[in-house]
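Counting starts at 1 for both ligands and their atoms, in listed order. Here the structure is a predicted model, which is why all the values come from computation and not from measurement.
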Amino acid sequence: MILVTGGAGYIGSHAVLELLQAGHEVLVLDNLCNSSRVAISRVERLAGRPVNFIKGDVRNRPLLNALFAAYPIEAVMHFAGLKAVGESVREPLRYYETNVSGSIALCQAMAEAGVFRLVFSSSATVYGETSVMPISEQCPTGVPTNPYGQSKLMAENVLRGLANSDPRWSIGLLRYFNPIGAHESGQIGEDPDGTPNNLLPFMLQVAVGRRSELNIFGDDYPTPDGTGVRDYIHVVDLVKGHLKALERLEQSNGVSVWNLGTGAGYSVMQMVRAFEEVTGRPLPYVIKPRRPGDIAQCWSDPRKAWQELGWRAERDLTTMLADAWRWQRQNPRGYAGEKTGDKKTAPAALAS
Ligand code: NAD
Ligand code: WQD
């Protein structure tokens, strides 16, 4: 059985579905502070199998101990965390506590239970502001410009120290580039609370009329058309990489780092044009000043994951946008139509 922390969230819910479809038993631990129980019900429907779901906090050691005692957990995929960059600047302690202390509590409980295989959700943000593209795993980590990024780098360092201290650990640090898209069914997808921070969720809300126009943050970057360039990766490709990492970690120990990206960069303007093609409608936008903390460009060298995991992203940009658009059209208010009232109910509490 695989313990999936944060399994009700955007990426976690897709991972749970992929794990179930690959024949794994899954236990989800999520406090639902940024997600809905509805996502789990939909995963169950898609997989045709029930999911063991525990509403609780990854920082809750007694709860973790009880879960490891009660279920035959062999490995953990650790998605639970907070991810809003701007919010992390305003509430740094909440970010360090959840993302760093949460990972420490999880590892303590794992070690006590004799479980040493861990797949960790890291981010390309740990590379900081590097100018050499594409970014390979050999590129040194930099100085993330916000507490969110710092918390991911700190958690990576904690996990490295842990693996150095005890050879039984086998840990995969998966550095995501920009996950977008949704499951092809349109049943699960990204459901941001409030105003979306990220590009595609914002574009989708403009397209369904929830917002009037897209703000493009800067058109004077040193990129071909002046707008920021990123490596967007389909969330289903991303989670398939997790399953490959999970398998690979069974045969190795120590820490392994893998970039999960496509290796191709697209500018904001290219995203707008491709999105208009997919939706068949114009996307109104205005050019705004650069967003503080943004880098001009960032794309991956994904070859290490191909060589070592036999994994590479297969879905192209049109598929990413078409799948995201299907999700948004079928669920214009996200999971809210079916909401159980879970979202944002337990951000700080150690609910169990
Ligand atoms: P998400 O917010 O949709 O999912 C995170 C899940 O963790 C949510 O369901 C939330 O309720 C849960 N959670 C948060 N704090 C918790 C706690 N203390 N105890 C238990 N559950 C808790 O975010 P996501 O986009 O699915 O991201 C998943 C992971 O991947 C995060 O760790 C994130 O930092 C990382 N990541 C995401 C991106 C991205 O662009 N989406 C990029 C790089 C890394
Ligand atoms: C992409 C491009 C913006 C919104 C962030 C985090 C990173 C990772 C993923 C998570 C940039 C531009 C955006 C908008 C715009 N995180 N943009 N108008 O900044 O690459 O990465 O999310 O866990 O850590 O930093 O992604 O989608 O916010 O931005 O013009 O309304 O779109 O300037 O060039 P980013 P993004």
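- Within 6.0 Å of CZ on R45 lie more than 12 heavy atoms contributed by other residues, nucleotides or ligands.
- Under a 4.0 angstrom heavy-atom cut-off, G102 registers as lying outside contact with ligand 1.
- Heavy-atom contacts from other residues, nucleotides or ligands closer than 6.0 Å to CD of E184 number 12 or fewer.
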- Decide yes or no on side-chain hydrogen bond (donor to acceptor under 3.5 Å, both in side chains) for T227 and D225, but give the supporting numbers first. CA-CA 6 Å; T227 63; D225 64 23; 2.7 Å; yes
> R326 and D323: salt bridge (Lys or Arg N to Asp or Glu O under 4.0 Å), yes or no, with the steps?
Replying inline: CA-CA 5 Å; R326 186 177 308 108; D323 288 345; 2.8 Å; yes
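- Heavy atoms of Y10 come nearer than 4.0 angstrom to ligand 2 in no pair at all.
- Set against the non-hydrogen atoms of I216, the atoms of ligand 2 under 4.0 Å away are 30 (O).
- Taking any N or O of F217, backbone or side chain, at least one lies under 3.5 Å from an N or O belonging to ligand 2.
- Residue nearest to atom 7 (C) of ligand 2, selected from A84, A296, S122, S123: S123 (by heavy-atom distance).
- Near K83, the atoms of ligand 2 lying under 4.0 angstrom from a non-hydrogen atom of the residue are 23 (O).
- A 6.0 Å sphere centred on CD of E277 holds no more than 12 heavy atoms belonging to other residues, nucleotides or ligands.
- Proximity of the aromatic rings of H242 and Y176 is defined here by a centroid distance below 6.0 angstrom, and this criterion is met.
- Remark: T319 OG1 to D237 CG distance equals 9.0 Å, nearest 0.5 Å.
- In this structure, the separation between CG on L118 and CE on M77 is 10.0 Å, given to the nearest 0.5 Å.
- When non-hydrogen atoms are compared, ligand 1 lies under 4.0 Å from the backbone of L32 (N, CA, C, O) but not from its side chain.
- Taking the charged nitrogens against the carboxylate oxygens, D220 and R290 do have a contact shorter than 4.0 Å, which makes a salt bridge.
- With respect to atom 6 (C) of ligand 2, the closest heavy atom belonging to the protein is V85 CG2, 3.8 Å.
- Of the protein's heavy atoms, V268 CG2, 3.5 Å lies nearest to atom 32 (O) of ligand 2.
- In this comparison of Y232, F120, Y148, Y176, the heavy atom closest to atom 30 (O) of ligand 1 sits on Y176.
- Checked by distance only, ligand 1 and G9 come closer than 3.5 Å through their nitrogen or oxygen atoms.
- The proximity of N197 to ligand 2, defined as any non-hydrogen pair under 4.0 Å, is limited to the backbone.
- Of all the atoms in ligand 2, the ones that sit under 4.0 Å from a non-hydrogen atom of G228 are 34 (O).
- Heavy-atom contacts of S121 reach the following atoms of ligand 1: 29 (C), 30 (O), 32 (O), 35 (C) (cutoff under 4.0 Å).
- In terms of polar-atom proximity, A8 is not counted as a contact of ligand 1, lacking any N or O under 3.5 Å from an N or O of the ligand.
- Considering backbone and side-chain N/O of S122, none are found under 3.5 Å from N/O of ligand 1.
- For ligand 2, the atoms lying closer than 4.0 Å to a non-hydrogen atom of R291 are 3 (C), 4 (C), 13 (C), 19 (O), 28 (O), 29 (O), 36 (P).
- Residue N34 places at least one N or O, backbone or side chain, under 3.5 Å from an N or O of ligand 1.
- Ranking the protein heavy atoms by distance from atom 33 (O) of ligand 2 puts D294 OD2, 2.6 Å first.
- The shortest N or O to N or O distance between H78 and ligand 1 is not below 3.5 Å.
- Which parts of ligand 1 touch K152 is read off a 4.0 Å heavy-atom cut-off, strictly below it: atoms 31 (C), 32 (O), 33 (C), 34 (O).
- At the shortest separation from atom 11 (C) of ligand 2 among protein heavy atoms lies R230 NH2, 3.6 Å.
- Near N215, meaning under 4.0 Å from one of its heavy atoms, ligand 2 places the atoms 14 (C), 15 (C), 18 (N), 30 (O), 31 (O).
- For A39, the closest heavy-atom approach to ligand 1 does not fall below 4.0 Å.
- For ligand 1, none of its N or O atoms has an N or O atom of P179 under 3.5 Å away.
- Summary of contacts: the protein heavy atom closest to atom 9 (C) of ligand 2 is N198 ND2, 4.0 Å.
- Between F120 and H78, the ring planes are tilted. Angles from 30° to 60° get that label.
- Between the side chain of H183 and the backbone N or O of H14 there is no donor-acceptor pair closer than 3.5 Å.
- Counting atoms of ligand 1 from 1 in the listed order, those under 4.0 Å from a heavy atom of G81 are 5 (C), 7 (O), 13 (N), 14 (C), 15 (N).
- Panel note: side chain E18, backbone K240; no donor-acceptor pair is recorded below 3.5 Å.
- In L199, the parts holding a heavy atom less than 4.0 Å from any atom of ligand 2 are both the side chain and the backbone.
- A salt bridge is absent between R90 and E87: the closest approach of a Lys/Arg side-chain nitrogen to an acidic carboxylate oxygen does not fall below 4.0 angstrom.
- In this structure, W327 has its ring center under 6.0 Å from that of Y335.
- Of the N or O atoms in I11, one or more lie within a sub-3.5 Å distance of an N or O in ligand 1.
- Listed by number with element, the atoms of ligand 1 under 4.0 Å from a non-hydrogen atom of G56 are 19 (N), 20 (C).
- Using a 4.0 Å cut-off between heavy atoms, T125 contacts ligand 2 through its side chain alone, with no backbone atom that close.
- Remark: F275 engages no residue in a ring-ring contact (aromatic ring centres under 6.0 Å, His included) (not counting sequence neighbours).
- Ligand 1 has no N or O atom lying under 3.5 Å from any N or O atom of F177, backbone or side chain.
- Looking at E190 against ligand 1, nothing comes within 4.0 Å, counting heavy atoms.
- Contact analysis puts Y148 in contact with ligand 2, with a non-hydrogen atom separation below 4.0 angstrom.
- Polar contact check, T98 against ligand 1: no nitrogen or oxygen pair lies under 3.5 Å apart.
- Taking atom 35 (P) of ligand 2 as the reference point, the nearest protein heavy-atom neighbour is N178 ND2, 3.6 Å.
- Residue contacts with ligand 2 for Y232 involve side-chain atoms from C-beta outward but no N, CA, C or O (heavy atoms, distance under 4.0 Å).
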**Message:** Quick one, R61 with N65, criterion side-chain hydrogen bond (donor to acceptor under 3.5 Å, both in side chains). Give me CA distance, side-chain angles, the key distance, then yes/no.
**Reply:** CA-CA 6 Å; R61 273 297 310 278; N65 290 347; 3.3 Å; yes
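- Side chain of R210 to main chain of P332: a donor-acceptor pair is present (N/O by atom type, distance under 3.5 Å, no hydrogens or angles).
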Working for side-chain hydrogen bond (donor to acceptor under 3.5 Å, both in side chains), residues S300 and N259
CA-CA 7 Å; S300 68; N259 281 344; 5.4 Å; no
- request: List the steps, then state whether side-chain hydrogen bond (donor to acceptor under 3.5 Å, both in side chains) holds for R42 with N331.
  value: CA-CA 12 Å; R42 296 211 180 160; N331 307 271; 2.8 Å; yes
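- Here T125 contributes atom OG1 and Q150 contributes atom CD; the two are 8.5 Å apart, rounded to the nearest 0.5 Å.
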